[in-house]
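The model shown is predicted, which means the values in this text are computed figures rather than measured ones. What you see below is based on every heavy atom in this structure, not just the backbone, and it leaves out hydrogens, waters and symmetry mates.
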Amino acid sequence: MTEVELDAFSGRPNPRWVLTPAEATEFFSLLGRLRPDSRDARVPDQLGYRGFVVRADREEIRVFRETVFTRQGVVADPGRALERVLLDSARAHVSEAVLRAIERE
Amino acid sequence: MFKVTVDIFSGRPNPEFLVGGDEAKELLQEIGRSQVAIGGLADGFQGLGYRGLVIEAQGDDFAEKHGLPAAFRIGHSGAGKGAEIVDRILGSMQKARAVDDQIRSYVRKELDRLEVRGDTSVPDKPTAERKTETQAEGEGATASAVCYIELGAFNPGFWNDPAVRPYNNCYNYASNRRTNTFAQPGRASGAETHDYYCPNVTNAALADGLHRRFDCFPDTESPRWLMALVIAPGWDYHWYRKQLEGFWGHKPGGTAARNTDQNGNIVCNPETAARGDYIHFCGYFYACRSQRIN
């Protein structure tokens with residue numbers, strides 16, 4: 001099972017949902033093609049949008065704009081393809097208002 | 001009822017003991033009168049050797065009943081009556097053969113060392129201090145109100161342990177109640193809201209027992225933490241708590257507790273701190289001992 005958390009809130013709980021098998025396959029396939037990020041990237045922890053957190057098989061992956069944080073290191077996603085996959089998967093689970101706000105990020 | 005763990009060993013299991021009934025009640029009252037002696041689980045010396053006693057609630061009404069955290073450390077510093085309380089607990093444990101004379105003597109020596117030298121790994125200031133704050137005339141009152149509040153020392157370690165950090169949010173932090181439930185204003189009182197605007201979240205918090213600022217709580221409701229509420233309208237809410245050092249602490253969701261704002265500046269005033277989309281300042285409130293929170 002691959003769970004996704006939209007990490008955006010401070011008070012109210014973050015939305016969580018499970019990827020379909022097809023979504024999970026697409027996500028990990030794209031992830032596998034990404035290259036290490038040479039920039040000095042910090043895990044976002046500010047008020048507001050902090051990315052998507054994907055959890056599967058004890059692995060935790062944070063996708064925040066063009067940067068993907070994994071246990072093995074940071075990889076670059078300059079086209080934000082992973083974020084788009086997760087945003088598409090969110091449509092069935094998250095309100096329109098939240099989706100519109102995240103799309104503006 | 002609570003569980004005591006004597007945190008001394010590295011390899012072998014630490015001695016544990018359950019305390020219940022009248023003995024538990026008396027001990028907790030004494031601990032409640034000497035709150036400077038207690039600390040978070042991450043406080044104090046964390047290396048090899050004696051690290052204090054860990055007290056853990058066994059009932060979910062522990063915090064409400066006793067005004068104490070559900071889990072805390074005691075006897076890890078030279079503060080307050082910690083040493084006396086620890087020795088009393090160890091006396092009971094020894095009677096019940098949960099510890100032997102060797103362990104009790106060892107802990108006594110460590111407590112003596114802490115009292116004489118002071119534990120440099122914890123702040124040499126009390127955990128909380130009582131303060132007064134005065135509402136000036138003209139701020140919506142016909143006469144000045146003077147309220148007593150408590151300000152606690154900034155202790156992010158208590159909130160940032162990976163075992164608890166994701167499960168406590170801004171409301172937990174500002175209320176200073178680590179419930180591990182990602183608490184929501186009003187949920188414990190059947191008044192939770194999903195309309196994230198000042199009046200709605202305010203009413204939910206008031207339903208939990210908070211008061212607006214300058215609507216004083218009596219001393220029996222101590223500790224009375226000073227909290228501030230801000231809103232990202234229609235989106236979310238966020239809380240801050242005033243700390244003893246003079247700044248405000250906060251915890252954005254499951255992220256780390258901190259005393260800095262979005263720009264990395266110390267939060268001296270939540271009304272003017274950089275807060276991103278949390279643009280509406282709703283006001284100040286007091287937490288209280290009998291606050292319901294879930």
Non-hydrogen side-chain atoms of B/Trp235 and A/Phe9 separated by less than 4.5 Å: yes

field: All ring pair (Phe, Tyr, Trp, His ring centres under 6.0 Å) counterparts of A/Tyr49, not counting sequence neighbours
entry: A/Phe64

field: Neighbours of chain B found in residues 98-105 of chain A - heavy atoms under 4.5 Å
entry: A/Val98, A/Ala101, A/Ile102

- prompt: Of the listed residues (A/Ser95, A/Pro13, A/Gly48, A/Pro44), which shares the most heavy-atom pairs with chain B below a 4.5 Å separation?
  reply: A/Pro13

query: Does B/Phe247 CZ have over 12 foreign heavy atoms under 6.0 Å away?
result: yes

- prompt: Taking atom CZ of B/Arg212 as the centre, does the number of heavy atoms from other residues, nucleotides or ligands within less than 6.0 Å exceed 12?
  reply: no

query: Under 6.0 Å from the CZ atom of A/Arg42, do we count more than 12 heavy atoms belonging to anything else shown?
result: no

task: List the atom of A/Asp45, the atom of B/Thr255, and the distance in Å for their closest heavy-atom pair.
output: O-OG1, 3.8 Å

task: Identify the two heavy atoms, one from A/Arg50 and one from B/Gly253, that lie closest to each other, and give their separation to 0.1 Å.
output: NH2-CA, 4.5 Å

field: Residue A/Ala8 versus chain B: region with a heavy atom under 4.5 Å
entry: both

query: Roughly how far, to the nearest 0.5 Å, is the CG atom of B/Asn169 from the CZ atom of A/Arg12?
result: 12.5 Å

Anything under 3.5 Å between a donor and an acceptor, one on a side chain of residues 195-202 of chain B, the other on a protein residue two or more places apart or in another chain? List them.
from, atom 1, to, atom 2, distance (Å)
B/Tyr196, OH, B/His194, ND1, 3.4
B/Thr202, OG1, B/Cys198, O, 2.7

- prompt: Is any residue of residues 258-286 of chain B within less than 4.5 Å of chain A by heavy atoms, and which ones?
  reply: B/Arg258, B/Gln262, B/Arg275, B/Tyr278

field: Residue pair A/Ser10 / B/His250, side-chain heavy-atom distance below 4.5 Å
entry: no

